[in-house]
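A short write-up of the structure that comes next.
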Amino acid sequence: MTELPKAYEPTVVEEKWQERWLREGCFHADPHSAKPAYSIVIPPPNVTGVLHMGHVLNNTIQDILARRARQEGKEVLWLPGTDHAGIATQARVEKELAKENPPRTRFDVGREAFVDMVWQWKNKHGGIIIKQLKKLGCSCDWERERFTMDEVYAPEVARVFTELFKEGLIYRGRRMVNWDPVLLTALSDEEVIMTPTHSKLYTIRYKLADGSGQLLVSTTRPETIMADVAVAVNPKDPRYGHLVGKKVLRPLCTAEIPVIADEHVEIGFGTGALKITPAHDRTDFEVGMKNGLEIIDILTPDGHINCPGCPELHGLDRFVARDKSIELIEAAGLLEKVEDYDNNVGISQRSDVPIEPRLSMQWFLKYPCVQEAAEAVAKGDIVFRPARWAKTYAHWLEGIQDWCISRQLWWGHRIPVWYRKEKAEALQAATTLTEADELAGDIYVGVTPPADPENWVQDEDALDTWFSSWIWPFSTMDAECLAKFYPTSDLVTGPDIIFFWVARMIMAGYRFAGGKPFSNVFFTSIVRDLKGRKMSKSLGNSPDPLDLIARYGADGLRFGLMRIAPTGTDVKFDEKQIEEGKNFANKLYNAARFRMMQGEAGSDPAPRFAPVHLDILDKLRQLHDSVTEALGKYEFNTYTQALYSFFWNEYCSLFLEAVKNDLREGGDPALRNATLLTMDTVLRHYLALLAPIMPHICEELWQSLGFAARNGGQPLMSTPLPAADTLLGGVDETRISQARVLSAALYETANRARNLKAEYNLSTNKNVRFVLKPALPFDADTAARLALLAGAKEAVAEADYQAPKGTPTALTPFGELFLPLEGLVDVEAERNRIGKQLEKIDKEIAKSQAKLGNAKFVDHAPAAVVEQERARLADWQSKKTQLESMLAALV
RNA sequence: GCAGGGAUAGCUCAGUGGUAGAGCGGCUGUCUUACACACAGUUGGUCGGGGGUUCAAAUCCCUCUCCCUGUACCA
């Protein structure tokens, strides 16, 4: 009777609902609402980004939380946006320039024109990811979309900078920073990845200037020898004490340099003598400062040697120069030995090349509100899930270093500092700048440019992207929104940005927004491939979520992923799981289709409910509670699994199969009504529970099943979640628990019956009949259901049934169940089968007897456990007797 | 080095003291009137190794091995 297709086709349905939700403003947050607030700010993806599996996981979770909160009657703000991603975006446009003929660099284009180009690129290609998030079904308030460089947000970044500068927390100084020789910018410590590397350790002879001997010095970086200004030994080292104060000859760009004593040198390491190169090593820089040593910089910003005093190396790339310098040293007879050596090298997260410690003028931030930020998490004001991340967070805060916030980039927030033109050069070279300079009228720091811009020169640098995103939770909101929605409720993000972003947002929240930015932080797992590797473009192991959506539907993708996303550990992505999500959507669709094929439920005659009806409603009630509990604990996989197993196993496999006969033509109309009403109740309630994770199909079925029409045409998404106790309202609890027992007995008996059939290769035979010696009330209705479930012609109760010898039997909750064979069994096969079973049973009996023969077990274990064991033994023994008699009957 | 996480069926994972589970895969059947994206049945495990506590351990304790993730580094 139905014209509905047999298989669910998600694509059209999903697009339809996404449009409709938007059109009806379902995602819009009203700051004037009287409802309690629930809010999330999205971790803004890079504007250059495309959706990857991490985003899918992350945003599905946020969407579940947001949709569920709406169902619970909250006013929900899920605030979306994108991040300008300084380096990534700039690099993207530079790449385009490099492809031109002839290739160009940003310097060829010039700053202003280049920034224009990036904006154009952003307007044209940026924000693809926003469209993709919409395809995933994300219920963000898209009218409030922000961009970290838009006209509302950018001034906030400058304001924050200005305030911190005036407070003295932002300062400028000449410091050792992590320098990226490819991108030509400073990086923060967090952007440097310490990577285990196979290197060489070179031991080199530094001759004493007076010719009285030599000092052996080990280094991994011989190309920096020209910048050596001393050799240091530990003052307590008995081998070298007499050398301190003498001079040695620097082996390259030869010069006399002093031997100094410094605690920093470890006596046991290498030769115990350390070359000091303050310009190219962090700790050497400190040693140099302490000892008042000169700083000789022999590297260009792009990592080439700059040392005219050593013409053989001058101009070479740093790694070429490394080999060449060793050749020179060996030729001079100064190379003692070369060993393999494993050490950690700092690699730029962005350009993937070794960074250089480099002395340069940069802006730094002394973090504000560190104490408050640490306490907020320690005291549980902000709750981290899983909790163990709190430790990582605390550890980072303890050893926190000032943040290098300036970047030598053009794309980003330009540092809002201007220098008075005539003094600009001197000021830009000055090692420190403070508010005093501002008061003196030499510099200007502010959100808007100075009133007389022609007299000023703006600082060239831009701010680290994270310096704009750390104020995301509040700078994205206007005053009304802040009043209603700040602090936000949940933050959902990956643990990989706990320092970059989460920690900094907490500090910013306390400093600028008067309190914590969020109450809960849920750290998602990291999505890996089946080999456990991180998904990355270069490995090509990252599936394209849009392709997955096209093949499995957004709902299928969401469901499949959430079902395998554990709460504590990483998730290994397996496309099979997504396929299951799709299969589940199809199952749901077909169950609804089945209902639609039955027509309306009537009220006449009054429905007659059987135990199975009450039972499924009771199970749904339990599902409601466990779903609520799981979501309360942010256990999304438990939530998903509970929904899956209820629907597939309890509703479809058991309940629907048990009631199919109620729906047939000519059946009892009172039973038919009961069944239709129950199906409606289950579907209506279940769709509401499932909607947060599979919103599209639920909405579609909600409508096609007619639930929307009965609800004033309201979409499911703006319908409050019904209470669990509406499901069985008014039904006596004793009757329910009775129904529970009887239904469990029915399903269990059906299962035993099917197993009996299978044992005798009668699985597909529908003509078998079962005879039951009932131990529980076994009415005709139950008998009919049992026959239906077991695929039998009939199931009859006979209290004094005399089974022919050898009739297969099983003990069921309803009593002893027989499968009369009518002599259609292969004797030889039967004998073998029974023989094997007896072997197994004997083992079990022996095991059980041993346990019960153990006095300690009987004395110490709880009575129930012992009782259980006795029953088990009795079961096995009776089974054994049966089999033996069957064996005898075969002969 | 330090810190954290993990090791359970061929695969992905549940399972915090009381007969080892699910889904997928494999194998057998079945187009049984919602669903072959399905149904029925079935096959898979010394729960990483060793030791301990206990009547009883995948589960608690100790130890070892291997993987992962942070983090700190000495040339």
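For clarity, every value in this text was computed on a predicted model and none was experimentally measured. Chain identifiers are assigned alphabetically (A, B, ...) following the order of the sequence lines, protein sequences preceding nucleic acid strands; residue numbering begins at 1 within each chain.
Counting to the nearest Å, the P atom of B:rA14 and the CD atom of A:E635 are 11 Å from each other. In this structure, the CG atom of A:N343 is 17 Å from the P atom of B:rG1, given to the nearest Å. Per the geometry, CD1 belonging to A:I193 stands 11 Å off P belonging to B:rU69, to the nearest Å. Note: CG (A:D496) to P (B:rU71) measures 10 Å, nearest angstrom. In this structure, the CD atom of A:E398 is 14 Å from the P atom of B:rA3, given to the nearest Å. A straight line from CG of A:D281 to C1' of B:rC74 spans 10 Å, rounded to a whole angstrom. We find that CD of A:E867 is positioned 19 Å from P of B:rG18, with the value rounded to whole Å. Here B:rU19 presents its P atom at 16 Å from CZ of A:R870, a figure rounded to the nearest Å.
With distances taken from any side-chain atom of A:R754 to the nucleotides B:rC74, B:rG41, B:rC55, the minimum falls on B:rG41. Between B:rC55, B:rC68, B:rG41, one nucleotide has an atom nearer to the side chain of A:R528 than all others, and that is B:rC68.
A donor and an acceptor atom, one from each side chain of A:S188 and A:E191, are located under 3.5 Å apart. Counted by atom type alone, A:E575 and A:Y552 present one or more donor-acceptor pairs between their side chains at under 3.5 Å.
Here A:Y393 and A:F384 bring their ring centres to under 6.0 angstrom of each other.
Taking each heavy atom of A:V231 and A:L215 in turn, the nearest pair found is CG1-CD2, 3.7 Å. The two residues A:L274 and A:V217 have their closest heavy-atom pair at C-CG1, 4.3 Å. Of all non-hydrogen atoms in A:L252 and A:S325, the two that sit nearest each other are CD1-CB, 3.7 Å.
Cation-pi geometry between A:K660 and A:F594 is satisfied (NZ or CZ under 6.0 Å from the ring centre, within 45° of the ring normal).
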Can you run through RNA chain B from 5' to 3' and write each base as (, ), [, ], | or . depending on how it pairs? Watson-Crick or G-U wobble, both distances under 3.5 Å. ((((((((.[[[[.)..(..]]]].(((((.......))))).....[[[[[..)....]]]]])))))))....

Treating primed atoms plus P, OP1 and OP2 as sugar-phosphate and everything else as base, which nucleotides of nucleotides 23-39 of chain B get B, S or - for protein heavy atoms under 4.0 Å? SS----S----BB-BSS

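The residue A:F499 sits close only to the backbone: its heavy atoms come under 4.0 Å of sugar-phosphate atoms, none of a base.
Base orientation for B:rG6: anti, the chi torsion being more than 90° from 0.
A 4.5 Å side-chain heavy-atom check between A:E356 and A:R318 finds at least one atom pair inside the cut-off.
Note: A:Y651 and A:F655 have parallel aromatic rings, judged against thresholds of 30 and 60 degrees for the angle between ring planes.
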